[in-house]
Amino acid sequence: MNTISLLKRLTNRRQLILSGLALAILSPRAVQAQETQVSSRPHATPPRPSASGKRIVMIDPGHGGIDSGAVGQEGAEEKHIVLEIAHTVRTLLQDHPKVEVRLTRDSDHFIPLYQRVEIAHQHGASLFMSIHADGYTSPEANGASVFALSNRGASSAMARYMSQRENDADKVGGVNVQEKDNYLNQILFDLVQTDTIRNSLTLGKHVLDQIRPVHHLHSQHTEQAAFAVLKSPSIPSVLVETSFITNPREEQLLGTRAFRQKIASAIADGIVNYFAEADRRQA
């Protein structure tokens, strides 16, 4: 009987301890304290340079292969235009002493969204940027935008529409994102990802600052939404909408080498400025 009583007391004590831990973790005060700690932390620094001494920048030309992306009134396809812009960004940065650009796709073929994120991790990328020239239901929509990941819902109706549209890209290739994407199940309150999103917003600001002088902005600040392709828990990631290909005037602009060069130069300068700020913080 004494042994049974002792076991009961030990069991009750264990349950009490576990219950107390659960309450501490789940209580609003604990959550608030965690959020306060996150907000007071400095930016997480990007991954260190590779063995070559350069930071790996993964540029992701959106869509490809069976997935043409948005199509303009004159028949221009998003997948071809963004691939050309990505190639130009790589060319512009090929001689940079601290940056090496690699592409998720170098030709016209389909890659599932989750694989695009995985490619960036396999290469040890310090930065991930997906380039698009998307469409909207109205041909009046115009201008460039930059998006980062959100773990608290979309920052605008347009951001919500864009993320839903981009996340549906896998359906064209018959891929079930919910089954394949390991990053969709990440804990969104993870401290590492919180810092990653903060760095992504900083990257977005630098890119917008460079695009602003050369092209009209649809949004003056970095928007946020649940883009599947941005859900790396550790790599700062943004999605750049260079223009609306469904806008007749911007479809014509995207068809010119001069405009694609301007956008690519702005993206390249934004990347360089982002790393320069990261280096200043480290110093």
Side-chain angles (χ1 to χ4, degrees), residues 59-93 101 103-105 107-108 110 129-148 154-169 172 203-225 227 229-230 238-271 273:
I59 301 294
D60 172 48
H63 308 281
I66 192 174
D67 177 19
S68 63
V71 179
Q73 293 183 2
E74 298 299 321
E77 294 182 330
E78 179 182 4
K79 65 175 183 177
H80 296 308
I81 290 173
V82 297
L83 181 59
E84 291 186 25
I85 293 174
H87 278 143
T88 304
V89 173
R90 183 170 62 179
T91 300
L92 289 169
L93 292 176
V101 175
L103 306 185
T104 55
R105 68 177 181 95
S107 59
D108 182 21
F110 176 79
M129 181 178 293
S130 192
I131 299 179
H132 293 257
D134 217 337
Y136 191 58
T137 54
S138 169
E140 301 298 322
N142 63 90
S145 303
V146 178
F147 298 88
S155 57
S156 69
M158 177 63 79
R160 186 180 304 107
Y161 172 86
M162 289 294 187
S163 64
Q164 291 174 347
R165 193 176 192 283
E166 294 298 345
N167 291 347
D168 284 343
V172 177
L203 171 60
K205 179 182 182 300
H206 281 296
V207 174
L208 285 173
D209 286 346
Q210 296 302 313
I211 294 178
R212 187 175 285 108
V214 300
H215 188 46
H216 170 71
L217 295 181
H218 184 81
S219 178
Q220 297 296 318
H221 63 276
T222 305
E223 296 274 7
Q224 290 183 263
F227 288 89
V229 77
L230 301 182
V238 295
L239 185 148
V240 180
E241 295 288 358
T242 56
S243 283
F244 284 85
I245 200 171
T246 49
N247 179 291
R249 179 178 176 277
E250 294 196 344
E251 180 185 8
Q252 292 180 355
L253 282 175
L254 289 165
T256 66
R257 180 176 296 179
F259 180 74
R260 294 195 300 270
Q261 179 77 27
K262 286 181 180 180
I263 292 294
S265 296
I267 290 173
D269 290 342
I271 292 171
N273 291 347

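Heavy atoms only: backbone and side chains are in, while hydrogens, waters and symmetry mates are out.
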Heavy-atom side-chain contact between Leu239 and Asp134 under 4.5 Å:
no
Mind checking the CD1-NE2 spacing from Ile85 to His132? Nearest 0.5 Å is all I need.
11.0 Å
With Leu208 as reference, evaluate Leu203, Val238, Thr222 under the side-chain contact (heavy atoms from CB on, under 4.5 Å) test and give the passing residue.
Thr222
Do the side chain of Lys79 and the main chain of Gly65 share a donor and acceptor less than 3.5 angstrom apart?
yes
Hey, could you give me the OG1/CD distance between Thr242 and Glu78, rounded to the nearest 0.5 Å?
7.5 Å
List the atom of Val71, the atom of Ser68, and the distance in Å for their closest heavy-atom pair.
CG2-OG, 3.8 Å
Do the side chain of Ser130 and the main chain of Gly62 share a donor and acceptor less than 3.5 angstrom apart?
no
Looking only at heavy atoms, what is the nearest atom pair of Val146 and Gly204, with distance?
CG1-CA, 3.7 Å
Output all residues satisfying side chain to side chain donor-acceptor pair (under 3.5 Å) with Ser138, sequence neighbours left out; order by chain, then residue number.
none
Does CD belonging to Gln220 count more than 12 external heavy atoms closer than 6.0 Å?
yes
Which pairs pass salt bridge (charged side-chain N to carboxylate O under 4.0 Å, His left out) with one or both residues in residues 244-258, sequence neighbours excluded?
none
Compare all side-chain heavy atoms of Met129 with those of Val89 and state whether any distance is below 4.5 angstrom.
no
Decide yes or no for Thr104 and Pro61: does some side-chain heavy atom of the first lie under 4.5 Å from some side-chain heavy atom of the second?
yes
Would the distance check show the side chain of His218 and the main-chain N or O of Asn142 forming a donor-acceptor pair, the cut-off being under 3.5 Å?
yes
How would you list, by chain and number, every residue that makes a ring pair (Phe, Tyr, Trp, His ring centres under 6.0 Å) with His215, sequence neighbours excluded?
Phe259
Sequence-distant partners of Arg212, salt bridge (charged side-chain N to carboxylate O under 4.0 Å, His left out), two or more places apart:
Asp209
With sequence neighbours left out, write down each residue that passes salt bridge (charged side-chain N to carboxylate O under 4.0 Å, His left out) with Arg260, or none if nothing qualifies.
Glu84
If we ignore hydrogens and angles and just use 3.5 Å, is the side chain of Ser243 paired with the main-chain N or O of Ile245 as donor and acceptor?
no
To the nearest 0.5 Å, how far apart are OG1 in Thr88 and NZ in Lys262?
14.0 Å
Mind checking side chain to side chain donor-acceptor pair (under 3.5 Å) for Gln210 and listing every partner two or more places apart, or none if nothing turns up?
none
Drop me the distance from Asn273's CG to Lys205's NZ, to the nearest 0.5 angstrom.
9.5 Å
Tell me the closest heavy-atom pair linking Phe244 and Gly135, and the distance in Å.
CD2-C, 4.1 Å
Which of these passes side-chain contact (heavy atoms from CB on, under 4.5 Å) with Ile131: Asp60, Leu103, Ile263, Ile267?
Ile267
In Å and rounded to the nearest 0.5 Å, what is the CD to OG1 distance from Glu140 to Thr246?
10.0 Å
First locate atom CG of Leu83, then atom CD1 of Ile59, and finally report the distance between them rounded to the nearest 0.5 Å.
12.0 Å
Hey, can you tell me if Phe227 and Phe147 have their rings parallel, tilted or perpendicular (30° and 60° cut-offs)?
tilted
Return yes if some donor-acceptor pair links the side-chain N/O of Asp108 with the main-chain N/O of Gly64 below 3.5 Å, else return no.
no
Nearest atoms (heavy-atom pairs only) where Ala133 meets Val82
N-CG1, 3.6 Å
